[in-house]
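My structure is below; once you've seen it, I'll send some questions.
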Amino acid sequence: MKSIKGYVKSVAQKLKSKTRYFKREIELKRLEKYSNEIDMVLTKYNKKSCNETMMVKGLRKSNEETTNRKIHQEDLEKIVAQMAKGLGLNEEIVKIMGSHHDIGHTFLGHSGEWWISNILEDYGLGYFCHNTLGARELIYTDKVYDEIIEKIKVHNPNVSNKVLDKIRKSLWLIMDGINAHNGEKPEKEYIPAITKTEEDFTEEMIQCYVKKGYDRKITPASTEACLMRLADQISYIPLDMLDGLREKMIRDENGNIVTTIDDDYKKVLVKLGITEEEINECNIKGTYTKIGERLKEIFINDVIKNSTKQKITMSKEVMTLMNELRNLNNEKIVNYVVLTEDQNTYPPAIRRLINRYKDIILENGLLTRLENADRDMNINNDLARYKGTQDEGFIRIHL
């Protein structure tokens, strides 16, 4: 009797799970019909960090081919489109997630994000997370839901209010892809939180500001967002290696500059199926784009081969080797060059700026006075003394 009950329960759970996946698929298909309008609106706001380089700092004079946010997002869009097509997932929606996933990045990429978060923590003001900043600003500051609905109405004048309401209620799934895209943490597989609601998503955004590292614990609400999360790594890991070579940032164990694909990288590349002849040819020519494209091709095909509509994953061997490449990038580039700049050069300057403007705010009681600006007519006169000083820009922009 118990075995029969257990079987019935198992079948019921499977049917319930399939129903949930089907409902999510319907929601994304509803958005897919209006993907052009959605993309047009988001593109307007996705310009803030497009020209900033990725691993290489923006203050360094960079090679023209060095990866910036725009290149990475366009690259990711192509990767997710290819994989979504191979898996029968929603290609248009996952492309939107991929092409706008880094919309919240601040100056100097992850470094700027870490510094801001550390400083906020020092003042007891929570934490900073670029994933959440992007989603939150789009929803609450830019009010893109309203703008998307208006754009759809203009392009589709016969669409009913009932349909528009359903579209609006599904838009959070795209923002969830942005908020849950953290591709820094290696994972064996990506299974969507298919029961997640918009309320759950909103709570996750709040927790990203309250709990340190919470963004790494978020599970995406759709298989498409899971696919984009893994694709983020497939894009940036090869590109980081290429940028390291182009910018002469790679170091050996003694700290000497490495200008070609060395034996450490070569071992991993050969295991992935790239021949020594291909590697030697690129080393002789001094151009490595071909290697990067071959790597992405290998990773993409492996994901398609091993994933389903309910689970995104790679073979154990290929995932291990991809993570080894990431570790080599961290050891040879980040540890020698990036962390030195991160820890010794920029943070002290940022802290000095923050302390300086904190003093201006406190000394002049600006927070209280701005809340009552309609009654405090002397605020502009009191701040006139900053005209012509190094602080004038801060005063003019923020007041």
Side-chain angles (χ1 to χ4, degrees), residues 28-29 31-55 65-105 109-110 130-131 133-135 137-138 144 148 151 170-184 190 192 220-243 289 292-304 307 309 312 314 322:
L28 294 177
K29 280 188 177 295
L31 297 177
E32 181 184 21
K33 187 175 180 180
Y34 305 100
S35 57
N36 287 336
E37 288 87 347
I38 295 169
D39 186 59
M40 278 191 283
V41 172
L42 296 186
T43 298
K44 186 172 79 171
Y45 298 101
N46 193 9
K47 299 176 181 178
K48 196 163 47 176
S49 62
C50 277
N51 294 323
E52 293 182 6
T53 48
M54 296 271 289
M55 178 178 286
E65 293 181 299
T66 297
T67 308
N68 58 29
R69 290 283 160 200
K70 183 178 180 181
I71 292 172
H72 168 56
Q73 291 185 141
E74 289 175 349
D75 183 58
L76 180 54
E77 182 182 352
K78 293 176 185 176
I79 291 171
V80 291
Q82 186 176 339
M83 293 195 294
K85 187 175 183 179
L87 292 168
L89 294 171
N90 195 311
E91 187 177 341
E92 294 305 316
I93 295 304
V94 79
K95 281 167 60 179
I96 290 174
M97 291 177 182
S99 60
H100 302 295
H101 76 289
D102 271 345
I103 201 166
H105 256 297
H110 285 290
H130 82 274
N131 311 32
L133 178 67
E137 284 200 340
L138 286 171
V144 294
I148 288 169
K151 182 76 71 175
S170 298
L171 284 170
W172 73 271
L173 288 166
I174 293 175
M175 300 303 158
D176 175 77
I178 294 174
N179 191 52
H181 86 259
N182 194 315
E184 298 299 308
Y190 302 79
S222 64
T223 311
E224 281 76 4
C226 288
L227 182 66
M228 196 268 289
R229 184 154 153 171
L230 180 55
D232 192 20
Q233 300 173 61
I234 291 174
S235 174
Y236 77 70
I237 290 174
L239 290 174
D240 283 352
M241 182 185 74
L242 300 190
D243 287 345
T289 302
E293 292 304 312
R294 284 279 285 116
L295 279 172
K296 284 181 273 188
E297 178 188 358
I298 291 166
F299 295 149
I300 288 168
N301 290 335
D302 192 78
V303 171
I304 294 172
S307 298
K309 281 191 172 184
I312 302 300
M314 302 173 79
M322 186 174 77

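One is the number of the first residue; the rest follow in order along the sequence.
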With no hydrogens and no angle check, is any side-chain donor or acceptor of Gln73 less than 3.5 Å from a backbone partner on Asp102?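 Pair found, side chain donor or acceptor close to backbone of Asp102.
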Strictly distance-based, threshold 3.5 Å: is any side-chain N or O of Asn301 a donor or acceptor partner for the main-chain N or O of Glu297?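 Confirmed, Asn301 side chain pairs with Glu297 backbone.
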Between Lys296 and Ser235 (side chain of the first, backbone of the second, donor and acceptor by atom type, cut-off under 3.5 Å), is there such a pair?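 Absent.
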How far does CD of Glu37 sit from OH of Tyr34, to the nearest 0.5 angstrom?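 The OH atom of Tyr34 is 8.0 Å from CD of Glu37, to the nearest 0.5 Å.
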Output, in order, the C-alpha distance, side-chain angles, deciding distance and verdict of side chain to side chain donor-acceptor pair (under 3.5 Å) for His72 and His101. CA-CA 10 Å; His72 168 56; His101 76 289; 3.2 Å; yes
CG/Asn46 to CD1/Ile178 distance, rounded to the nearest 0.5 angstrom?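 Nearest 0.5 Å value for the CG-CD1 distance: 8.5 Å.
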Quick one: does Asn131's side chain have a donor or acceptor within less than 3.5 Å of a partner on Ala180's backbone?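 Not a single qualifying donor-acceptor pair exists.
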Determine whether a donor-acceptor pair (N or O, by modelled atom type, separation under 3.5 Å) exists between the side chain of Ser99 and the backbone of Glu77.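 Looks like no, no N/O pair under 3.5 Å.
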Between Lys95 and Asp39, is any pair of side-chain heavy atoms under 4.5 Å apart?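 Counting from C-beta outward, Lys95 and Asp39 never come under 4.5 Å.
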Between CG on residue Leu76 and CG on residue Asp232, distance to nearest 0.5 Å: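 The CG atom of Leu76 sits 5.5 Å away from the CG atom of Asp232.
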Minimum heavy-atom distance Leu87-Ile304, with the two atoms named: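 Scanning both residues, the minimum pair turns out to be CD2-O, 3.6 Å.
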With distance as the sole test, does Asp302 use its side chain to make a donor-acceptor pair with the main-chain N or O of Met314 at under 3.5 Å?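 Side chain of Asp302 to backbone of Met314: no pair is present.
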Which value, rounded to the nearest 0.5 Å, describes the distance between Glu293 atom CD and Ile298 atom CD1?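 Result: 11.5 Å between the selected atoms.
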As a quick check of understanding, evaluate side-chain contact (heavy atoms from CB on, under 4.5 Å) for Leu138 and Val41, giving each step before the final call. CA-CA 10 Å; Leu138 286 171; Val41 172; over 6 Å; no
Tell me, do Met241 and Leu295 make a side-chain contact under 4.5 Å, heavy atoms counted?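 Contact flag for Met241/Leu295 side chains = yes.
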How far does CD1 of Ile96 sit from CE of Met40, to the nearest 0.5 angstrom?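 Nearest 0.5 Å value for the CD1-CE distance: 10.0 Å.
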Compare every heavy atom of Val144 with every heavy atom of Tyr45, then report the nearest pair and how far apart it is.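 Minimum heavy-atom contact is CE1-CG1, 3.7 Å.
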Which atom of Thr289 lies closest to which atom of Leu242, heavy atoms considered: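 Taking Thr289 first and Leu242 second, the nearest heavy atoms are CA-CD1, 4.1 Å.
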Is the shortest heavy-atom distance from the side chain of Ile93 to the side chain of Met228 under 4.5 Å?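 When only atoms from C-beta onward are counted, Met228 and Ile93 do not touch, as no gap falls below 4.5 Å.
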Do Ile234 and Met83 come close enough that some side-chain heavy atom pair is under 4.5 Å?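 Counting from C-beta outward, Ile234 and Met83 do come under 4.5 Å.
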Flag the pair Ser222 / Leu28 as yes when at least one side-chain heavy-atom distance between them is below 4.5 Å, and no otherwise.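 Touching, per the 4.5 Å side-chain cut-off.
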Just wondering, do Tyr190 and Leu227 contact through their side chains at under 4.5 Å, heavy atoms?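 No, every pair of side-chain atoms sits at 4.5 Å or beyond.
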In the structure I gave you, are the side-chain heavy atoms of Pro192 and Pro220 within less than 4.5 Å of one another anywhere?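 Of all side-chain heavy-atom pairs linking Pro220 with Pro192, none is under 4.5 Å.
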Min side-chain heavy-atom separation Asp176-His181 under 4.5 Å: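 When only atoms from C-beta onward are counted, His181 and Asp176 do not touch, as no gap falls below 4.5 Å.
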So, the side chain of His100 versus the backbone of Met97: is there a donor-acceptor pair under 3.5 Å, distance only?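 Looks like no, no N/O pair under 3.5 Å.
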Going from CD1 on Ile300 to CD on Gln82, what distance comes out if it is rounded to the nearest 0.5 angstrom?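 CD of Gln82 is found 4.0 Å from CD1 of Ile300.
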Would you say the side-chain atoms of Glu224 pair up with the backbone N or O of Asn90, donor to acceptor, closer than 3.5 Å?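 Judged by distance alone, yes, a pair lies under 3.5 Å.
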